[in-house]
Visitor: 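Have a look at this one before I ask anything.
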Amino acid sequence: QVQLVESGGGLVQAGGSLRLSCAASGRTFSSYFMGWFRQAPGKEREFIARIARSGGSPYYADSTKGRFTISRDNDKNTVYLQMNSLKPEDTAVYYCAASQIRTVRAGWYDYWGQGTQVTVSS
């Protein structure tokens, strides 16, 4: 069992930056692939980025590539999402999730956080 808690969301102007954190409970954090997703009102949940168990092999959606960076610290049981050059279309609730397989599909993620709101003003 893994419990995930996101933090770091908020209101930021376009062009600004935010760093999201996702703290995991339990001693098995390093055995999971970790991903970040987002969901805007009226839209489906969208994959943003994932990272391998060891912290290598980051993979990004085209919409965030070059602007967002995913990282993890297994000693702290935490995964991060650094978001730069934010745009109004990045406004959404952001979720972290844990999976036992390398995937971009939300349905294959076993555990989810409660989400944190990110709002980018123009």
Side-chain angles (χ1 to χ4, degrees):
Q1 190 82 6
V2 177
Q3 292 185 327
L4 304 172
V5 179
E6 301 96 336
S7 61
L11 174 64
V12 63
Q13 289 189 332
S17 299
L18 281 175
R19 188 195 197 201
L20 305 183
S21 299
C22 172
S25 65
R27 291 180 285 182
T28 60
F29 175 72
S30 60
S31 67
Y32 288 91
F33 293 88
M34 296 299 297
W36 283 97
F37 292 77
R38 68 186 179 188
Q39 188 166 18
K43 295 188 177 181
E44 292 187 355
R45 194 163 294 191
E46 174 190 14
F47 166 80
I48 298 173
R50 68 159 192 247
I51 192 165
R53 298 181 182 99
S54 63
S57 304
Y59 180 79
Y60 300 93
D62 288 342
S63 59
T64 60
K65 196 177 299 182
R67 299 188 298 124
F68 291 10
T69 303
I70 187 171
S71 61
R72 68 189 294 166
D73 185 336
N74 286 343
D75 290 335
K76 295 182 178 179
N77 280 10
T78 302
V79 62
Y80 305 97
L81 186 69
Q82 177 67 44
M83 304 186 295
N84 298 328
S85 302
L86 283 162
K87 306 174 182 179
E89 52 263 43
D90 293 319
T91 295
V93 177
Y94 283 68
Y95 300 88
C96 67
S99 174
Q100 294 184 325
I101 64 171
R102 189 193 305 265
T103 180
V104 301
R105 296 181 180 273
W108 287 99
Y109 281 78
D110 304 298
Y111 302 102
W112 292 83
Q114 82 289 349
T116 185
Q117 177 70 45
V118 171
T119 303
V120 184
S121 63
S122 57

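For the single chain, residues carry numbers from 1 onward in sequence order. Keep in mind it's a predicted model, so treat the numbers as computed, not measured.
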Visitor: Which heavy atom of G115 sits nearest a heavy atom of V93, and at what distance?
Guide: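 Looks like CA-CG1, 3.8 Å.
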Visitor: I'd like to check the side-chain contact (heavy atoms from CB on, under 4.5 Å) partners of A23; sequence neighbours left out, ordered by chain and number.
Guide: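 A23 satisfies side-chain contact (heavy atoms from CB on, under 4.5 Å) with T78 once adjacent residues are dropped.
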Visitor: Indicate, with yes or no, if I51 and F47 share a hydrophobic cluster defined by side-chain heavy-atom contacts under 4.5 Å among Ile, Leu, Val, Met, Phe, Trp and Tyr.
Guide: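 As far as the 4.5 Å side-chain criterion goes, I51 and F47 are not connected within one cluster.
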Visitor: Keeping to residues at least two apart or across chains, list the disulfide bond (SG atoms under 2.5 Å apart) pairs with something in residues 51-87.
Guide: none
Visitor: For the OG atom of S31 and the CG atom of N74, what is their distance to the nearest 0.5 Å?
Guide: 9.5 Å
Visitor: Taking the side chain as everything from C-beta on, heavy atoms only, tell me whether T69 gets closer than 4.5 Å to Y80.
Guide: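 Heavy-atom side-chain distance check fails, nothing below 4.5 Å.
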Visitor: Do any pairs count as a disulfide bond (SG atoms under 2.5 Å apart) and have a residue in residues 6-115, sequence neighbours left out, and if so which ones?
Guide: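 Disulfide bond (SG atoms under 2.5 Å apart) check on residues 6-115 returns C22-C96.
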Visitor: Got a sec, which residues hit ring-ring contact (aromatic ring centres under 6.0 Å, His included) with Y111, two or more places apart in sequence or on another chain?
Guide: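 With sequence neighbours excluded, Y111 shows a ring-ring contact (aromatic ring centres under 6.0 Å, His included) to Y32, given in chain and number order.
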Visitor: Ring pair (Phe, Tyr, Trp, His ring centres under 6.0 Å): which pairs involve residues 1-20, sequence neighbours left out?
Guide: none
Visitor: State which residues pass side-chain hydrogen bond (donor to acceptor under 3.5 Å, both in side chains) with S121; sequence neighbours excluded, sorted by chain then number.
Guide: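 Per chain and number, S121 pairs via side-chain hydrogen bond (donor to acceptor under 3.5 Å, both in side chains) with no residue.
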Visitor: For residues 50-64, which residue pairs pass the salt bridge (charged side-chain N to carboxylate O under 4.0 Å, His left out) check, not counting sequence neighbours?
Guide: D62-K65
Visitor: List the residues meeting side-chain contact (heavy atoms from CB on, under 4.5 Å) with S7, not counting sequence neighbours, and say none if there are none.
Guide: S21
Visitor: Suppose the criterion is side-chain hydrogen bond (donor to acceptor under 3.5 Å, both in side chains): which pairs have a residue in residues 83-97, not counting sequence neighbours?
Guide: S17-N84, R38-D90, R38-Y94, R67-D90, Q82-N84
Visitor: How far apart are the closest heavy atoms of Y109 and G35, and which atoms are they?
Guide: CE2-N, 3.7 Å
Visitor: Within the structure provided, determine whether T103 and F33 are in side-chain contact (heavy-atom separation under 4.5 Å).
Guide: no
Visitor: Hydrophobic cluster mates of W108, side-chain heavy atoms under 4.5 angstrom, ILVMFWY only, any path?
Guide: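 Cluster partners of W108: I101.
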Visitor: Distance-only, no hydrogens or angles: does the E6 side chain make a donor-acceptor pair with backbone N or O of Q114 under 3.5 Å?
Guide: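 Present.
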Visitor: Going by heavy atoms in the side chains, are L4 and M34 under 4.5 Å from each other?
Guide: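 Yes - at least one pair of side-chain heavy atoms lies under 4.5 Å apart.
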Visitor: Answer whether the closest heavy-atom distance between the side chains of V118 and L20 falls below 4.5 Å.
Guide: yes
Visitor: Can you tell me how far CH2 of W36 sits from CD1 of I48, rounded to the nearest 0.5 angstrom?
Guide: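 These two atoms lie 8.0 Å from each other.
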Visitor: Say whether F37 and V104 are linked into one hydrophobic cluster, either directly or through other cluster members, by side-chain heavy-atom distances under 4.5 angstrom.
Guide: yes
Visitor: Restricting to pairs with a member in residues 91-114, which pass salt bridge (charged side-chain N to carboxylate O under 4.0 Å, His left out), not counting sequence neighbours?
Guide: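 Checked against salt bridge (charged side-chain N to carboxylate O under 4.0 Å, His left out) - neighbours excluded - no pair reaches residues 91-114.
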Visitor: Sequence neighbours excluded, which residues qualify as side-chain hydrogen bond (donor to acceptor under 3.5 Å, both in side chains) partners of S63?
Guide: E46
Visitor: Grab the two heavy atoms, one from P88 and one from S122, that are nearest each other, plus how far apart they are.
Guide: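 The pair with the smallest heavy-atom distance is CG-CB, 3.9 Å.
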Visitor: Take R45 and W112, measure what side-chain contact (heavy atoms from CB on, under 4.5 Å) needs, and give me the verdict at the end.
Guide: CA-CA 12 Å; R45 194 163 294 191; W112 292 83; 3.2 Å; yes
Visitor: Closest heavy-atom contact between S71 and V79?
Guide: O-CG2, 3.1 Å
